[in-house]
Amino acid sequence: WQKDGMDLSGENYRVLKFPFLDTSQNGSYRCRISSIDNSYITNTANVIVDLPVSIKRHTEGIVSSCEKEDTLLVMQTEGGHYNEYTWLKDGIVVTSQTDSLLRFSRIALNDEGRYYGIVKNSCNSDTTDCIVVSVYPAPQLKLGNDTAFCGAFTLKLTTNAVDSNYVWNTGSRDSTIVVDTGGIYWLRVTNNFGCTNTDSIRIVAHAPPLVSLGADTSITTTDSLYL
């Protein structure tokens with residue numbers, strides 16, 4: 001008998017017996033059968049010995065996030081070498097997540113729900129307690145498209161986000177400001193859930209062209225004048 005291509009000392013019988021199994025027996029086994037006239041090597045048999053797995057710790061209770069934040073659920077396991085991980089949301093498998101971390105990139109309102117993590121192998125399985133994910137809405141904020149003016153101007157910048165705290169880069173804390181110079185203006189809004197959103201607008205102020213046709217003058221009906 002051979003294990004991983006190496007002869008096993010003393011194993012010269014038609015049956016290979018394991019008096020006990022542990023992970024040191026993991027490997028690929030095959031038998032070389034020899035006679036006076038010929039020899040033959042059997043197909044390979046892979047032996048995998050695993051250990052029971054358990055969840056040592058995991059994200060617990062209620063996880064509250066603001067919309068569009070990155071959010072992470074974790075289960076830490078011990079034991080086992082060939083583990084499979086599954087996450088359930090409201091009893092339905094989250095097919096995009098197959099490891100011990102459940103990642104939400106820019107979490108959405110429809111990601112709210114009750115989550116469970118499951119780890120299993122050939123020996124057993126273990127499941128987390130229920131993890132409740134709550135997602136709070138971020139303030140809706142749009143200052144408008146970038147714009148340009150010629151000459152003097154005034155422009156009112158405002159937001160329709162209500163029941164919020166406002167911070168402009170001008171230092172104002174009102175929901176509306178009036179500007180009369182070019183530049184980049186941004187507003188950061190924080191709502192009652194503590195969720196924030198930021199938007200900016202670029203305003204370009206062009207100087208009006210200078211035009212001069214010269215001083216007033218008089219000509220006769222037979223004269224010409226170039227302007």
_Give me each pair satisfying ring-ring contact (aromatic ring centres under 6.0 Å, His included) with a member in residues 127-166, each pair once, sequence neighbours excluded._
Tyr136-Phe193, Phe149-Phe153
*For the atom pair OG1 (Thr170) and CD1 (Ile177), what is the distance rounded to the nearest 0.5 Å?*
4.5 Å
*Does any pair with a residue in residues 106-116 pass side-chain hydrogen bond (donor to acceptor under 3.5 Å, both in side chains), and if so which ones, sequence neighbours excluded?*
none
*Kindly determine whether Val133 and Thr71 satisfy side chain to side chain contact (heavy atoms under 4.5 Å, CB included), including the steps that lead there.*
CA-CA 10 Å; Val133 174; Thr71 305; 5.5 Å; no
*Side chain proximity check, Leu51 to Cys123, heavy atoms < 4.5 angstrom*: no
_When you group the ILVMFWY residues by side-chain heavy-atom contacts below 4.5 Å and let the links chain together, are Leu143 and Val167 in the same group?_
no
*Which residue pairs pass the side-chain hydrogen bond (donor to acceptor under 3.5 Å, both in side chains) test when at least one of the two sits in residues 45-60, sequence neighbours left out?*
Ser28-Asn46, Asp50-Asn121, Arg57-Gln76
*salt bridge (Lys or Arg N to Asp or Glu O under 4.0 Å) partners for Asp146, two or more places apart*: none
_Give me the atom names and distance for the closest heavy-atom approach of Thr159 to Gln140._
OG1-O, 4.2 Å
*Can you tell me if NZ on Lys89 sees more than 12 non-hydrogen neighbours from other groups inside 6.0 Å?*
yes
_Minimal non-hydrogen separation, Ala205 against Gly182, with atom names_ = CB-N, 4.1 Å
_Do Thr127 and Leu88 have side chains that approach each other closer than 4.5 Å (heavy atoms only, starting at C-beta)?_
no
*Would Val93 end up clustered with Tyr85 when hydrophobic side chains under 4.5 Å apart are linked, directly or stepwise?*
no
*Which heavy atom of Trp87 sits nearest a heavy atom of Ser100, and at what distance?*
CZ2-O, 3.5 Å
_Pairwise side-chain contact, Leu187 with Leu141, heavy-atom cut-off 4.5 Å (strictly under)_ = yes
_With a 4.5 Å cut-off on side-chain heavy-atom distances among I, L, V, M, F, W and Y, is there a chain of contacts connecting Val53 to Leu101?_
no
_In the structure I gave you, are the side-chain heavy atoms of Ser134 and Ile62 within less than 4.5 Å of one another anywhere?_
yes
*Can you measure from OG1 (Thr86) to CG (Asp99) and round to the nearest 0.5 angstrom?*
11.0 Å
_Side-chain heavy-atom pair Ile107, Glu67 within 4.5 angstrom cut-off_ = no
*Residues two or more places apart in sequence or in another chain: which of them pass ring pair (Phe, Tyr, Trp, His ring centres under 6.0 Å) with Tyr13?*
none
*Once you round to the nearest 0.5 Å, how far does CD of Glu78 lie from CG of Asn83?*
11.0 Å
*asked:* Run Asp126 and Thr77 through side chain to side chain contact (heavy atoms under 4.5 Å, CB included) and show every step you take.
replied: CA-CA 9 Å; Asp126 198 8; Thr77 62; over 6 Å; no
_side-chain hydrogen bond (donor to acceptor under 3.5 Å, both in side chains) contacts in which one or both residues fall within residues 185-207, not counting sequence neighbours_ = Thr181-Tyr185
_Within the structure provided, determine whether Thr128 and Leu73 are in side-chain contact (heavy-atom separation under 4.5 Å)._
no
*Under a single-linkage definition using a 4.5 Å side-chain heavy-atom cutoff for Ile, Leu, Val, Met, Phe, Trp and Tyr, are Val135 and Val189 assigned to the same hydrophobic cluster?*
no
_Do Asp37 and Ser35 pair up side chain to side chain, a donor and an acceptor below 3.5 Å, judged on atom types alone?_
no
*Atom pair NZ (Lys3) and OG1 (Thr44), whose distance is rounded to the nearest 0.5 Å*: 14.0 Å
*Minimum heavy-atom distance between Cys195 and Ala138, given as atom pair plus value*: CB-CA, 4.1 Å
*What distance separates His81 NE2 from Asn26 CG, expressed to the nearest 0.5 Å?*
7.5 Å
*Do Arg32 and Asp7 touch side chain to side chain, with heavy atoms closer than 4.5 Å?*
yes
_Grouping I, L, V, M, F, W and Y whenever their side-chain heavy atoms are under 4.5 Å apart, do Val179 and Trp168 come out in a common cluster?_
yes
*Taking all atoms of both residues into account, what is the closest heavy-atom pair of Ile48 and Tyr82, and its distance?*
CG2-CE1, 3.2 Å
*Inter-residue atom distance Ser34.OG - Ile41.CD1, 0.5 Å rounding*: 8.0 Å
